[in-house]
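Below you'll find the structure, written out as structure tokens, and then a few comments.
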Amino acid sequence: MTEIICVVGARPNFMKIAPIMAAFAKQPITAKLVHTGQHYDPAMSDSFFEQLGIPRPDVNLEVGSASHAVQTADIMRAFEPVLDAEQPRALLVVGDVNSTIACALVAAKKGVKVIHVEAGLRSNDRGMPEEINRVLTDQISDLLYITERSALANLLREGIAEERIQFVGNVMIDTLRAHLERAVPVKLTLGEQPARGYAVVTLHRPSNVDDPTTLRRLLETLAEIAGEVDVVFPIHPRTRAAAERLGLGGLLSVAGIRLLPPQGYLEMLGLMRDATLVITDSGGLQEETTALGVPCITVRENTERPITLSEGTNTLTGPNPEAILACFREICANGGKRGRIPEYWDGHAAERIAAHLRGWLDAA
Ligand code: UD1
């Protein structure tokens with residue numbers, strides 16, 4: 001009998017599920033893995049399964065890309081028969097992508113218990129599709145595992161009963177710690193060691209890349225930074241398409257900007273570990289840079305991960321060129337924020353989840 005169905009769909013889910021599947025196998029908890037197929041490019045999906053040793057998905061729903069409504073609906077339609085056939089005791093979802101809310105909603109309506117890993121994070125910005133996914137998933141979850149204590153206050157404010165919430169730490173950092181030694185050296189990824197320092201850049205949020213003025217200003221800022229350090233830019237398909245559509249491709253071919261395709265986990269880890277700084281709008285990279293002690297400039301107005309600001313190496317600048325450049329100069333001059341490792345970001349979060357969940361299943 002399957003006790004738990006675990007769901008993944010998009011790139012940031014894969015590094016979260018890897019340690020959970022491993023801890024479930026040890027506990028043991030009987031689990032099956034469903035991949036919705038939200039991300040399907042080998043570089044955005046398969047390579048993570050190989051590098052992180054994630055078991056092959058038992059089912060792939062192969063939904064692919066579409067508008068939010070169509071993608072969410074497609075996942076729900078495809079997931080329902082899987083849930084009916086398996087009749088698990090509970091569904092486990094991670095993070096905040098469309099696959100997370102879609103599968104949680106199917107399960108909740110069928111009376112299957114929902115477990116949410118990385119619950120309670122809030123940017124308080126409902127303009128972000130992920131914020132809607134977070135709030136709604138948490139409302140229909142029975143068990144909520146949190147990565148930082150700020151999430152507890154957020155959930156209590158939204159009326160979630162405290163006994164459903166467990167502070168376990170950060171499963172994504174479990175993966176980072178487990179694989180740091182295997183990180184691919186920068187020299188191999190770039191074909192040479194950059195002679196000067198370098199910034200790793202990722203951008204893919206709709207608010208940054210879909211608006212022509214914002215994207216132009218961001219790319220112009222990167223071009224300016226490339227005058228001082230190399231800019232290593234693994235570009236998300238959405239961002240590449242937006243730059244081409246908006247006629248901004250020229251700004252990506254400036255000297256000092258090294259454009260790369262989406263990178264594997266171990267390549268990205270190697271790039272981040274040795275970087276002078278990271279410039280990003282990703283949620284995950286804010287946490288990974290804090291765990292690595294590498295300064296991070298987050299080109300967003302808010303973060304759902306405030307511990308990366310209060311304890312970590314993260315600084316929010318918004319997509320504002322002056323603020324980004326001022327922070328960049330500060331990092332070059334003084335090394336930027338030092339930070340410390342947040343509580344329970346110790347490589348054992350998934351073990352805590354598995355141990356707690358075993359007790360929860362046995363008690364039910
Ligand atoms: C999704 C998540 C976001 C996460 C990001 C990481 C939601 C709402 N957003 O955004 O939280 O930070 O993943 O990458 O779930 N595409 C490909 N190949 C793929 C997948 C996508 O080319 O394998 C292209 C398609 O043109 C697609 C676009 O990227 O339309 C956007 O993909 P989508 O899954 O809708 O959202 P992301 O922007 O990747």
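Since the structure is predicted, the reported quantities are computational estimates derived from the model, not experimental observations. Positions are given from 1 along the sequence. Both counts, for ligands and for their atoms, begin at 1 and track the order of listing.
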Row check, Y344 ring normal vs R352 NZ/CZ: under 6.0 Å, within 45°: yes
Name the option, out of E130, R205, H39, that contains the heavy atom nearest to atom 39 (O) of ligand 1. H39
Have a look at E131, R11, Q38 and point out the one with the heavy atom closest to atom 15 (O) of ligand 1. Q38
Are H356 and Y145 an aromatic pair by the rule of ring centers under 6.0 Å? yes
When you measure from atom 29 (O) of ligand 1 to every protein heavy atom, which one gives the shortest distance, and what is it? H236 CE1, 3.8 Å
Please write down residue, atom name and distance for the protein heavy atom closest to atom 24 (C) of ligand 1. P237 CB, 3.9 Å
For atom 2 (C) of ligand 1, grab the closest protein heavy atom and report residue, atom and distance to one decimal in Å. V97 CG1, 3.7 Å
Please determine if E3 and R358 form a salt bridge, counting it only when a charged side-chain N lies under 4.0 Å from a carboxylate O. yes
Check this for me: does any side-chain nitrogen of one of K187 and D274 sit under 4.0 Å from a carboxylate oxygen of the other? no
Using a strict cut-off of 4.0 Å, indicate which atoms of ligand 1 neighbour a heavy atom of H68. 8 (C)
Any nitrogen or oxygen of D41, main chain or side chain, under 3.5 Å from a nitrogen or oxygen of ligand 1? yes
Could you walk me through whether E287 and R305 pass the salt bridge (charged side-chain N to carboxylate O under 4.0 Å, His left out) check? CA-CA 8 Å; E287 295 184 338; R305 295 160 158 93; 2.9 Å; yes
Starting from atom 5 (C) of ligand 1, find the nearest protein heavy-atom neighbour and note its residue, name and distance. H204 NE2, 3.6 Å
P12, portion touching ligand 1 at heavy-atom distance under 4.0 Å: side chain
May I have all residue pairs that pass ring-ring contact (aromatic ring centres under 6.0 Å, His included) and include part of residues 73-101, sequence neighbours excluded? none
Decide, yes or no, whether a salt bridge links E130 with R205 under the criterion of side-chain N to carboxylate O below 4.0 Å. yes
Among non-hydrogen protein atoms, atom 16 (N) of ligand 1 lies closest to Y40 OH, 3.7 Å
For the ring pair H39 and F48, is the centre-to-centre distance below 6.0 Å? no
Summary of salt bridge (Lys or Arg N to Asp or Glu O under 4.0 Å) pairs that have at least one residue in residues 53-66, sequence neighbours excluded: none
Of all protein heavy atoms, the one nearest atom 8 (C) of ligand 1 is N98 OD1, 3.2 Å
Can you find an N or O of R238 that's nearer than 3.5 Å to an N or O of ligand 1? yes
Between M44 and ligand 1, which part of the residue brings a heavy atom under 4.0 Å of the ligand: side chain, backbone, both or neither? side chain
For atom 21 (C) of ligand 1, which candidate among G284, S65, G283 provides the closest heavy atom? S65
